[in-house]
Amino acid sequence: MLENSATSLKPMPAHSQLWPLFRQVLFKFDPELMHECAIKFLSLTSSFLAKDQVISPLARDPIFRRTLLGLNFPNPVGLAAGFDVDGACLPALQYLGFGFVEVGGITMLPQPGNLHRPRIIRLPRDEAMINQLNFDNGGAKKLKRNLAKWRNKGVLTIPIGINLGKSNFSELADLPTEYAATFQFISDVADYITINISCPNTPGLSCFQSAINLKPLLDAVCNVNEMAAKKVPILLKLGPDLTNEEALAVAQSAVEYGLSGLVVSNTSKKREGLKNPCSILEGGLSGRPLFERSTEMLRCLSAGYGHKLLLIGSGGIADESLAVAKYRAGARLLQIYTGLIYQGPKFPIKLLENLKEPFLDPSS
Ligand SMILES: Cc1cc2nc3c(=O)[nH]c(=O)nc-3n(C[C@H](O)[C@H](O)[C@H](O)COP(=O)(O)O)c2cc1C
């Protein structure tokens with residue numbers, strides 16, 4: 001039985017007294033509808049924000065500053081792909097304390113994603129979600145327009161990554177040409193680009209997580225990057241359902257092609273260990289249950305490739321201790337999505353409060 005009420009959630013820490021009440025109301029409504037309302041509200045708010053306005057000075061504490069991928073990150077807590085797909089509300093997300101945001105997954109043309117609804121389901125007892133969206137987005141032109149708007153206003157001071165997704169209408173065999181074309185169109189406005197080869201909602205996409213299938217894709221994309229006036233750091237996003245050996249093989253390909261890093265990891269097709277027995281087999285599971293596997297994969301990749309590739313830790317950061325554990329497992333940057341839905345808008349700052357100590361410890 002899926003549970004859609006918030007009544008069984010654990011008590012929230014004192015940092016956000018109002019959020020549990022607010023969440024109880026929000027969780028009575030359809031998750032995708034609530035997401036659309038949140039994006040509208042945040043994009044409206046974005047219009048009123050000044051340059052680098054942030055909710056707390058902690059988001060700009062010098063101890064968190066890092067230069068990675070040749071970019072200046074004011075802090076390591078980022079927003080994962082899929083939240084602000086079209087870059088509609090970046091100043092508001094920056095205001096909440098995010099040190100970087102990954103927009104997308106984006107495709108060249110606008111597309112609806114999967115047509116059935118609901119496409120997002122909450123599993124409150126597990127602090128998890130299942131999404132079956134499949135790259136619904138407004139297209140690369142719209143994203144470019146939004147980014148130009150925020151950049152022309154001069155409000156953004158955080159790096160913005162762009163996540164590339166697959167068209168709902170193209171053949172898998174055409175993915176190298178398709179990604180190369182989107183990359184060519186969008187890379188001049190990206191601080192980094194993540195090539196998504198692990199969305200569990202896109203039939204066949206995950207097969208690109210093998211050296212042999214990845215080769216034509218990386219040939220095509222790296223060739224475009226090589227020819228471009230502005231070269232952009234490229235990362236690959238891996239799924240947590242790979243074995244460690246498979247993940248290491250993809251990492252080896254990434255190194256051979258001179259890529260900059262890996263995002264570890266995307267959502268999972270697996271449903272093990274859920275408190276809510278779940279009969280929904282389609283879609284990607286995100287949130288707390290993802291933590292263990294995605295972090296184990298991260299640790300393994302860090303041991304093998306942490307000195308050659310930047311590792312962004314994504315998956316299951318549901319509280320402060322898990323953010324610290326993800327950092328200690330080898331992630332130089334972190335990304336959250338589902339934790340934000342459950343813990344509320346102060347979550348990035350709460351994470352930073354607890355990351356201060358590990359950041360001051362040179363051995364971690
Ligand atoms: C509703 C939803 C949409 C997502 N869309 C994308 C996407 O377009 N591209 C992508 O690479 N990851 C996407 N993700 C995966 C997240 O970026 C993130 O890697 C994953 O949810 C694990 O982090 P979390 O446990 O903190 O949510 C999506 C996740 C959710 C919940």
Side-chain angles (χ1 to χ4, degrees), residues 30-36 38-39 77-87 93 98 100-107 111 113-114 117-123 126-140 143 161-168 179 182 192-202 205-206 208-209 235-241 262-270 283-295 297-298 311-319 322-323 325-326 331 333-343 347-348 351:
D30 171 63
E32 198 170 342
L33 177 68
M34 287 303 94
H35 182 78
E36 284 158 13
I39 293 289
V77 176
L79 181 60
F83 186 91
D84 186 8
V85 174
D86 298 318
L93 296 170
F98 286 108
F100 66 109
V101 175
E102 192 167 310
V103 296
I106 204 81
T107 51
Q111 63 177 25
N114 287 333
R117 295 223 177 188
R119 305 186 295 183
I120 305 179
I121 292 143
R122 302 184 195 103
L123 304 171
D126 294 294
E127 290 174 70
M129 300 202 294
I130 293 174
N131 91 80
Q132 308 175 348
L133 292 167
N134 197 8
F135 299 125
D136 62 315
N137 76 96
L143 173 62
I162 298 181
N163 183 285
L164 297 191
K166 183 190 166 298
S167 160
N168 298 152
Y179 272 23
T182 315
Y192 71 86
I193 289 204
T194 299
I195 301 177
N196 187 345
I197 45 171
S198 51
C199 174
N201 296 310
T202 311
L205 187 63
S206 298
F208 285 89
Q209 298 179 107
L235 291 84
L236 286 177
K237 186 157 179 178
L238 305 190
D241 302 335
L262 304 172
V263 184
V264 186
S265 72
N266 212 319
T267 55
S268 174
K269 274 189 163 173
K270 296 193 175 155
L285 177 75
S286 61
R288 193 182 277 271
L290 195 57
F291 181 79
E292 210 173 301
R293 175 60 196 140
S294 61
T295 308
M297 182 184 269
L298 174 71
L311 300 176
I312 301 185
S314 161
I317 301 177
D319 63 36
L322 297 183
K326 193 74 100 178
L333 297 170
L334 306 174
Q335 284 183 339
I336 59 168
Y337 186 146
T338 308
L340 181 70
I341 308 301
Y342 282 91
Q343 300 287 341
F347 193 41
L351 295 182

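Heads up: numbering here begins at 1 and tracks the sequence. The basis for the numbers below is simple: all heavy atoms, side chains too, and nothing from hydrogens, waters or symmetry mates. Each ligand, and each atom within it, is numbered from 1 in the order the structure gives.
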query: Which one of N201, I336, N163 has a non-hydrogen atom at the shortest distance from atom 11 (O) of ligand 1?
result: N163
message: One residue to check: S265. Relative to ligand 1, which of side chain, backbone, both or neither has a non-hydrogen atom less than 4.0 Å away?
response: backbone
Distance filter under 4.0 Å to A80 heavy atoms, resulting ligand 1 atoms: 16 (C), 17 (O), 18 (C)
query: Quick one: salt bridge (Lys or Arg N to Asp or Glu O under 4.0 Å) partners of E32, sequence neighbours excluded?
result: R117, R119
- prompt: Which option out of S198, P31, A81, G104 puts a heavy atom nearest to atom 13 (C) of ligand 1?
  reply: A81
message: How far is atom 21 (O) of ligand 1 from the closest protein heavy atom, and which atom is that?
response: S286 CB, 3.3 Å
- prompt: Got the closest protein heavy atom to atom 27 (O) of ligand 1, with its distance?
  reply: T338 OG1, 2.6 Å
task: First locate atom CD1 of I120, then atom CD of Q132, and finally report the distance between them rounded to the nearest 0.5 Å.
output: 10.0 Å
From CD1 (I193) to CG (L235), nearest 0.5 Å: 10.0 Å
- prompt: Charged N to carboxylate O under 4.0 angstrom, R288 versus D319?
  reply: yes
field: Side-chain touch H35/F83, heavy atoms, less than 4.5 angstrom
entry: yes
message: Heavy-atom distances under 4.0 Å decide this one: backbone, side chain, both or neither, for L290 against ligand 1?
response: side chain
- prompt: atom 18 (C) of ligand 1: which protein heavy atom is closest, and how many Å away?
  reply: S314 OG, 3.4 Å
task: Using modelled atom types only, decide if a donor and an acceptor are shared between the side chain of D84 and the backbone of V103 within a distance under 3.5 Å.
output: no
query: With distance as the sole test, does N137 use its side chain to make a donor-acceptor pair with the main-chain N or O of F135 at under 3.5 Å?
result: yes
query: Closer than 4.0 angstrom: is that true for some heavy atom of S294 and an atom of ligand 1?
result: no
query: So which protein heavy atom does atom 10 (C) of ligand 1 come closest to, and at what separation?
result: N196 ND2, 3.3 Å
message: Can you report which non-hydrogen protein atom sits closest to atom 7 (C) of ligand 1, along with the distance?
response: G105 N, 3.8 Å
query: Short N/O distance, under 3.5 Å, between G316 and ligand 1?
result: yes
message: Taking CD in Q111 as the centre, count heavy atoms belonging to other residues, nucleotides or ligands within less than 6.0 Å. Is the count above 12?
response: yes
Which of the ligand 1 atoms, numbered from 1, are nearer than 4.0 Å to a heavy atom of L133: 1 (C), 3 (C)
- request: Please state whether G287 comes within less than 4.0 angstrom of ligand 1, counting heavy atoms only.
  value: yes
- request: With sequence neighbours excluded, tell me which residues meet salt bridge (Lys or Arg N to Asp or Glu O under 4.0 Å) with D86.
  value: K142
Closest non-hydrogen atom pair, T295 against A325: CG2-O, 4.5 Å
Distance in Å, T338 OG1 paired with Q343 CD, rounded so as to fall on 0.5 Å steps: 11.5 Å
task: Have a look at ligand 1 and work out which part of F83, if any, has a heavy atom under 4.0 Å from it: side chain, backbone, both or neither.
output: neither
message: Using heavy atoms and a 4.0 Å limit, tell me yes or no: is G315 in contact with ligand 1?
response: yes
- line: Which of L285, D241, N131 passes side-chain contact (heavy atoms from CB on, under 4.5 Å) with T267? It is N131
query: Considering only heavy atoms, does V263 approach ligand 1 within less than 4.0 Å through its side chain, its backbone, both, or neither?
result: neither
- prompt: Okay, side chain of Q335, backbone of I312: is any donor-acceptor separation there less than 3.5 Å?
  reply: no
- request: Can you pull out the closest protein heavy atom to atom 20 (C) of ligand 1? Residue, atom name and distance to 0.1 Å, please.
  value: T267 CG2, 3.8 Å
For M129, atoms of ligand 1 separated by under 4.0 Å from a heavy atom: 31 (C)
query: Nearest to atom 1 (C) of ligand 1, what protein heavy atom do you find, and at what distance?
result: Y337 OH, 3.4 Å
message: Students should be able to answer this: which protein heavy-atom is nearest to atom 5 (N) of ligand 1, and at what distance?
response: G82 CA, 3.2 Å
message: Taking 4.0 angstrom as the limit and counting only heavy atoms of K237, give me the atoms of ligand 1 inside it, by number and element.
response: 10 (C), 11 (O), 12 (N), 15 (C), 16 (C), 17 (O), 18 (C), 19 (O)
